[in-house]
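Being a predicted model, the structure only gives us computed values, none of them experimental. Reminder, nothing fancy here: chain letters follow the sequence lines and each chain counts from 1.
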2 protein chains.
Amino acid sequence: MILKPMTKEPNHKPHHHGDLRTALIQAGISLLSEGGKESLTLRKCAARAGVSHAAPAHHFDGLAGLRAAIAKEGFRLFRLSMLAACDDNNPSDLDRLKGICSGYLNFAIENPALFDLIFSAAPMAGFEADLEQGTTFAYKVLRDACAPVVPEGQDPMVVETQVWSLIHGYTNLYMAGRFGPVDPTQQARGPFDAVMALLDTFDATTSKT
Amino acid sequence: MILKPMTKEPNHKPHHHGDLRTALIQAGISLLSEGGKESLTLRKCAARAGVSHAAPAHHFDGLAGLRAAIAKEGFRLFRLSMLAACDDNNPSDLDRLKGICSGYLNFAIENPALFDLIFSAAPMAGFEADLEQGTTFAYKVLRDACAPVVPEGQDPMVVETQVWSLIHGYTNLYMAGRFGPVDPTQQARGPFDAVMALLDTFDATTSKT
DNA sequence: AACCTGATCTTTACGCTGTCAAGTTTGGCA
DNA sequence: TGCCAAACTTGACAGCGTAAAGATCAGGTT
């Protein structure tokens with residue numbers, strides 16, 4: 001009688017490669033951080049993973065699918081960056097919100113091409129479902145940080161829109177060099193204090209205690 | 001001996017185009033608005049202008065140069081859109097600023113790919129000089145609109161950074177569909193009122209008369 | 001008049017890209 | 001065992017940016 005392997009993973013195991021799908025995503029992230037968004041290529045990802053140029057087609061639906069998958073992972077890292085910037089010991093609600101925003105900018109400075117990718121919807125048409133999941137996942141961090149400073153009786157969406165627009169706009173403009181040269185060491189962040197100062201005004205609306 | 005053509009037939013068109021450079025830029029803008037940023041191609045621009053695919057090389061330094069030239073024209077149109085949205089009869093300083101911001105969003109809705117192009121620095125590396133000229137040209141409109149609401153003794157850069165980040169961030173997020181589907185008719189602009197509401201708070205800082 | 005020179009545009013070619021179609025390998029199962 | 005479907009390879013194709021070299025033309029020089 002034939003003995004069947006008892007320990008079998010529930011998922012289909014790739015035959016040649018250990019986990020090609022993950023390897024391709026990681027290769028793509030590396031390519032993005034090394035050569036910018038122009039360097040993200042199906043063929044380069046395949047070569048870096050050690051497979052033929054057409055192998056990615058079996059794991060992603062074309063380049064758009066790969067980009068969507070990378071964006072999904074990018075949102076996960078983005079969320080971690082936001083949380084890492086405000087894990088101080090019991091800061092105030094406002095300090096926590098400012099920390100989240102600081103992490104927002106940090107992530108863009110540390111991963112410029114990946115930040116660009118996750119917020120560019122165009123080249124991932126047809127994958128809105130995957131993207132929306134990643135968006136809401138990361139957006140929840142910002143939403144939770146905004147909640148404590150929302151005035152009573154006001155729609156939380158108002159403050160969320162204001163804060164998100166503010167930090168997202170500053171980050172984009174800073175990364176595009178509109179506030180001067182970008183400093184990859186995060187020492188010089190341009191007039192970021194102006195953003196923090198405006199966030200400070202959100203405190204006054206609720207500090208009635 | 002292989003016979004060679006002794007008489008040259010006029011199979012070549014006249015080697016002079018009226019204003020090929022301008023025609024290529026206009027063709028590029030049309031391509032952007034019709035097919036999105038992926039449709040902007042040197043060869044398509046050349047074909048639309050009725051010249052061979054390599055003709056643009058003599059007027060622009062590659063694709064990056066064409067993009068920079070298109071961006072420069074885009075900034076001019078962008079400035080006009082901002083000004084057109086606030087040419088009411090003697091509005092207040094704050095209403096004027098809100099009109100500028102409304103025009104900011106209008107331009108992005110009406111010219112999504114062009115708006116994307118003018119604020120994406122990456123694919124135009126080496127042409128910062130051209131771009132900075134266009135940026136400052138359009139930025140001056142926003143700066144002038146911010147000036148009247150700057151509190152006395154404060155650096156105008158603070159308010160400019162806050163307002164620019166706010167409107168730029170909202171426009172980008174709205175265009176990326178983060179506030180729901182984009183409405184090309186400009187009827188539904190998402191939670192844009194939240195941005196306007198925050199701009200209203202800038203009034204209180206100076207209304208001491 | 002003939003000549004030349006630089007600018008403009010064409011032609012050809014190369015490598016890289018995404019994508020498709022068809023063939024090959026492999027692991028697991030009846 | 002023999003088969004099957006998934007994973008991957010191979011080959012081909014059109015479109016892309018770019019470079020080199022040829023063709024044409026306008027205008028000034030001699």
Counting only pairs under 3.5 Å, give me each side-chain donor-acceptor contact of residues 186-199 of chain B, with atom names and distances, residues two or more places apart or in other chains.
from	atom 1	to	atom 2	distance (Å)
B/Q186	NE2	B/E110	OE2	2.7
B/R189	NH1	B/S102	OG	3.1
B/R189	NH2	B/S102	OG	3.4
B/R189	NH2	B/N106	OD1	2.1

Please table the atom pairs, donor to acceptor, closer than 3.5 Å between any side-chain atom in residues 42-54 of chain A and protein atoms at least two apart or in another chain.
from	atom 1	to	atom 2	distance (Å)
A/R48	NH1	A/E34	OE1	3.2
A/R48	NH1	A/E34	OE2	3.2
A/R48	NH2	A/E34	OE1	3.2

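Every residue was checked against the salt bridge (charged side-chain N to carboxylate O under 4.0 Å, His left out) condition with A/D183, not counting sequence neighbours, and none meets it. Residues passing the side-chain contact (heavy atoms from CB on, under 4.5 Å) test with A/S33: none are found, sequence neighbours excluded.
Side chain of B/N111 to backbone of B/F107: a donor-acceptor contact under 3.5 angstrom is found.
Under the 6.0 Å cut-off for aromatic ring centres, A/Y104 and A/Y170 do not qualify, their centroids lying 6.0 Å or more apart.
For A/D155, the CG atom counts as densely surrounded, since its 6.0 Å shell holds more than 12 non-hydrogen atoms of other residues, nucleotides or ligands.
Atom NE2 of B/H58 is separated from atom P of D/dC25 by 16 Å (rounded to the nearest Å). Protein atom CG of A/L24 is 12 Å distant from nucleotide atom P of C/dG18, rounded to whole Å. Going from atom CG of B/D19 over to atom P of C/dA7 covers 17 Å, rounded to whole Å. As rounded to whole Å, 10 Å separates atom P of D/dG17 from atom CZ of B/R67. B/E38 places its CD atom 11 Å from the P atom of C/dT19, with the value rounded to the nearest Å. The nearest whole Å value for the distance from the CG atom in A/L66 to the C1' atom in C/dT17 is 14 Å. The distance from atom CG of A/L31 to atom P of C/dC16 is 15 Å, rounded to the nearest whole Å.
Aromatic ring orientation, B/F179 versus A/W164: perpendicular (interplanar angle above 60°, classes split at 30° and 60°).
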List, with names and distances, any nitrogen or oxygen atoms from the protein found under 3.5 Å away from nitrogen or oxygen atoms belonging to nucleotides 10-16 of chain D.
from	atom 1	to	atom 2	distance (Å)
D/dG11	O6	A/H53	NE2	2.9

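Each end of the helix from C/dA1-D/dT30 to C/dA30-D/dT1 gets its own rotation axis from five pairs of C1' atoms, and the angle between them is 30° to the nearest 10 degrees.
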